[in-house]
Amino acid sequence: MKKVKKIKGFVMNKKTGHASYAFKQDKTMVDSIGFTHNENDCAEKKQLKHNINPKDTSDCYAKTKVEKQKYNTYREKESYKDYRIHKEDKPIINSIIGKPELKKNKKRR
């Protein structure tokens with residue numbers, strides 16, 4: 001059995017070639033949010049107030065759907081080490097990720 005690599009933080013999506021923020025991993029599946037600079041790249045996106053790359057001043061967009069793909073779809077990239085989500089953009093990212101549903105405790109009789 002192959003060893004599963006832990007993925008978390010900013011990584012490159014091999015399929016799209018864009019930066020993604022991986023925030024959850026269940027065995028071999030990774031949940032992530034994709035980012036792009038191209039305004040016409042995807043239909044559903046939200047514009048961020050600040051770019052995820054602190055050295056870049058161009059517009060940055062976050063895709064509004066969480067992508068769930070295998071861990072080998074992502075690759076760590078040295079240039080993504082400085083990427084970050086600005087504190088003003090965290091509410092946007094958190095709304096895309098969504099809050100986990102709370103399970104109600106069943107009453108015992």
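Atoms considered below: every heavy atom in the structure, side chains included; atoms not considered: hydrogens, waters and symmetry mates.
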Within the structure provided, determine whether [X] and [Y] are in side-chain contact (heavy-atom separation under 4.5 Å).
| X | Y | answer |
| --- | --- | --- |
| Lys45 | Ile96 | no |
| Lys8 | Gln25 | no |
| Val30 | Val11 | no |

How far apart are the C-alpha atoms of Phe35 and Ser20, what are their side-chain angles, what is the distance that settles it, and do they pass the side chain to side chain contact (heavy atoms under 4.5 Å, CB included) test? CA-CA 6 Å; Phe35 295 93; Ser20 292; 5.7 Å; no
When rounded to the nearest 0.5 angstrom, what is the spacing between [atom1] in [X] and [atom2] in [Y]?
| X | Y | atom1 | atom2 | result |
| --- | --- | --- | --- | --- |
| Ile33 | Glu67 | CD1 | CD | 9.0 Å |
| Lys87 | Asp89 | NZ | CG | 11.5 Å |
| Ile7 | Thr28 | CD1 | OG1 | 11.5 Å |

Show every ring-ring contact (aromatic ring centres under 6.0 Å, His included) that has at least one partner inside residues 11-32, sequence neighbours left out.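 Qualifying pairs: Phe10-Tyr21.
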Do you reckon Met12 sits in the same ILVMFWY cluster as Val66, going by side-chain contacts under 4.5 Å, direct or chained?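 Hydrophobic grouping puts Met12 with Val66.
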Which residues satisfy the ring-ring contact (aromatic ring centres under 6.0 Å, His included) test with His50, sequence neighbours excluded?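 In terms of ring-ring contact (aromatic ring centres under 6.0 Å, His included), with neighbours along the sequence ignored, His50 is linked to His86.
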Side chain to side chain contact (heavy atoms under 4.5 Å, CB included) partners of Ser58, counting only residues at least two apart: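 For Ser58, the residues satisfying side chain to side chain contact (heavy atoms under 4.5 Å, CB included) (neighbours in sequence not counted) are His37, Asn51, Asp56.
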Only distances under 3.5 Å count here; give the side-chain donor-acceptor pairs of residues 72-84 to other protein atoms, sequence neighbours excluded, each with its distance to 0.1 Å.
unit_1	atom_1	unit_2	atom_2	d
Thr73	OG1	Lys70	O	3.0
Tyr74	OH	Ser32	OG	2.6

Under the side chain to side chain donor-acceptor pair (under 3.5 Å) rule, collect the residues that match up with Gln69, sequence neighbours excluded.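 Expected list: Asn13.
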Should we say atom NZ of Lys15 is surrounded by more than 12 heavy atoms from elsewhere, each under 6.0 Å from it?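 Not more than 12 within 6.0 Å, no.
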Please enumerate all residues that pass salt bridge (charged side-chain N to carboxylate O under 4.0 Å, His left out) together with Asp31, with sequence neighbours excluded.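 Listed in chain order: Lys68.
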